[in-house]
Amino acid sequence: MEFDLKKFNEKRKLIKNVKSGKVEVAGWVYNTRALGKIKFLLLKDISGLIQITAVKGKVKDEIFEMLDKISSESVVYVKGSVKSSKQAPGGREIVPDEIKIISKADALPIDVSDFSKTELPKRLDFRFLDLHRRKIQAIFKIKSTMMQAFREFMVNEGGIEVQLPSIISSSSEGGTELFEVKYFNKKAFLSQSCQLYKQMLACSMEKVFAIFSVWRAEKHNTTRHLNESRQFDFEMAFADEFVVMDVLARCVQYIVKKVLEKNKQELNLLGVKLKIPKVKYMTFEQVAKLMKQNGVKMDKDDLSIEAEKKLGELFPDTIVFVHDWPLSSKPFYIMPKGEKLSRGFDAIYQGVEISSGGQRIHIPELLEKRLKAKGLKPKDFKSYIDSFRYGAPPHAGWGMGVERLLMQMLNLPNIREAVLFPRDRDRLVP
Ligand code: AMO
């Protein structure tokens, strides 16, 4: 049946704004039910669910006949009158005068009801359809709030948003985990982070931030690693690690506050009880002692997965900053603190690392020494090292995993749930 898009757009009302009178709506068929002389069709659009109710004899026969025969997720247009109804979602229903099927859906390969039990890999194979689910959309509506809140927070802090290259000539986080790309006749890599560039900018523009995609050829398929992920990046001149940890804490608190304000409905749909996190500071040594007391194994110079989990259990709804981190397990650009320790930190939230950062090395000779200590060649980092030869202030910053933060805020069991179209070892489509 023909559907006049232009006319519809002039008349269209969102379901949430419709209280009474004649309306024209369009959306996806959530489900249909037939109870003898009365039939229901639940329709969803960007603003919610609305019930279409047809009583035999009170609507046209052909409408009554077709109402429960339209396949789920088909796109339909409905014209009718709004009536109040105690049982219907939002307390109102539409009695239809006209129904048009705009796009009929084939038999669905996955369950997209609110009670879907379809497993994640299968859902991801049909992600475009999985995104018809209100619960799945809720995750990405919350992510949208997060992205906006990060920008708002950073602008309020006086930060300048910058755009940095996604193709790099040498590693920025150590030699491994790089995706190689052919760049004309040169070897290049997809960016592992914007680390080296954001440092150069802090040395000129003082306070910068970026929302940046990173690519890492992670060897393992885990529930917390992606091959393509996004980071909130921050870098600031005349700062040490404590200054930027405080910025990070306030940034996460701001993001959570905005989500609580704007996404009540989505949090309810997901059954998530979110709280503005508290903040705790601990040295690596204190954490090591605490883990020993709790019988949790630690790596010598790193937190184990179990230790991160334990911190989440011991300090729920808290950002735990672990600082005075062993130098041996921090990247080459982190400022040493004496012989064995560094000015680097990790932030653990609900049992998972969401961010790492620290004060950086702004002294070329020290940087060369640390690169060599990490088995890297200073000549591969010439322009980066040179950038600190013409007036480089002490500076510090951090990178926070956008999907990690979302996963932890919403208590998602797998980081893939926090990405629209995840890229992992096995997945390149859709
Ligand atoms: P790091 O490598 O620790 O530090 O990354 C920062 C944060 O990004 C997230 N993250 C990931 N999330 C999903 N999948 C991955 N494969 C993945 N790798 C990292 C984590 C992590 O804490 N340049 C430094 C940051 C800095 O010092 O400014 C960096 O990239 O949440």
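We use all heavy atoms of the structure for the numbers below, so side chains are in, but hydrogens, waters and symmetry mates are not. In each ligand, atom 1 is the first atom listed, and ligand 1 is the first ligand listed.
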J.: Any heavy atom of R360 sitting closer than 4.0 Å to ligand 1?
T.: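 Distance cut 4.0 Å: R360 passes for ligand 1.
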J.: Of the protein's non-hydrogen atoms, which lies at the shortest distance from atom 22 (O) of ligand 1, and what is that distance?
T.: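 Answer for atom 22 (O) of ligand 1: E353 OE2, 2.5 Å.
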J.: Hey, does Y333 sit under 4.0 Å from ligand 1 if you only count heavy atoms?
T.: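 Y333: in contact with ligand 1 (<4.0 Å).
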J.: Scan the side chains in residues 263-281 for donor-acceptor partners under 3.5 Å anywhere in the protein, sequence neighbours excluded, and list what turns up.
T.:
residue: N263; atom: OD1; partner: T145; partner atom: OG1; Å: 2.7
residue: N263; atom: ND2; partner: E266; partner atom: OE1; Å: 3.2

J.: Which of these, S229, S191, S193, has its nearest heavy atom closest to atom 17 (C) of ligand 1?
T.: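 That would be S229.
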J.: With a 6.0 Å cut-off (strictly less than), is the heavy-atom count around OH of Y183, excluding the residue itself, greater than 12?
T.: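 Open.
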J.: H323 pairs by ring-ring contact (aromatic ring centres under 6.0 Å, His included) with which of F345, W398, F284, F242?
T.: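 Output: one option passes, namely F242.
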J.: Residues two or more places apart in sequence or in another chain: which of them pass salt bridge (Lys or Arg N to Asp or Glu O under 4.0 Å) with E206?
T.: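 For E206, no residue satisfies salt bridge (Lys or Arg N to Asp or Glu O under 4.0 Å) once neighbours in sequence are set aside.
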J.: If the contact criterion is a heavy-atom separation under 4.0 Å, does E177 count as touching ligand 1?
T.: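 Contact absent.
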J.: Starting from atom 18 (N) of ligand 1, what is the nearest protein heavy atom, named by residue and atom, and what distance separates them?
T.: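 Ranking protein heavy atoms by distance from atom 18 (N) of ligand 1, first comes R216 NH1, 3.3 Å.
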J.: Indicate yes or no: at least one non-hydrogen side-chain atom of K11 is less than 4.5 angstrom from one of K79.
T.: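 K11 does not reach K79 side chain to side chain.
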J.: Identify the protein heavy atom lying closest to atom 20 (C) of ligand 1, giving its residue, its atom name and the separation to 0.1 Å.
T.: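 Protein heavy atom with the smallest distance to atom 20 (C) of ligand 1: R404 NH1, 3.5 Å.
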J.: Give the atom numbers and elements of ligand 1 that come within less than 4.0 Å of a heavy atom of E173.
T.: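 With E173 as reference, the close atoms of ligand 1 come out as 23 (N), 24 (C), 29 (C), 30 (O).
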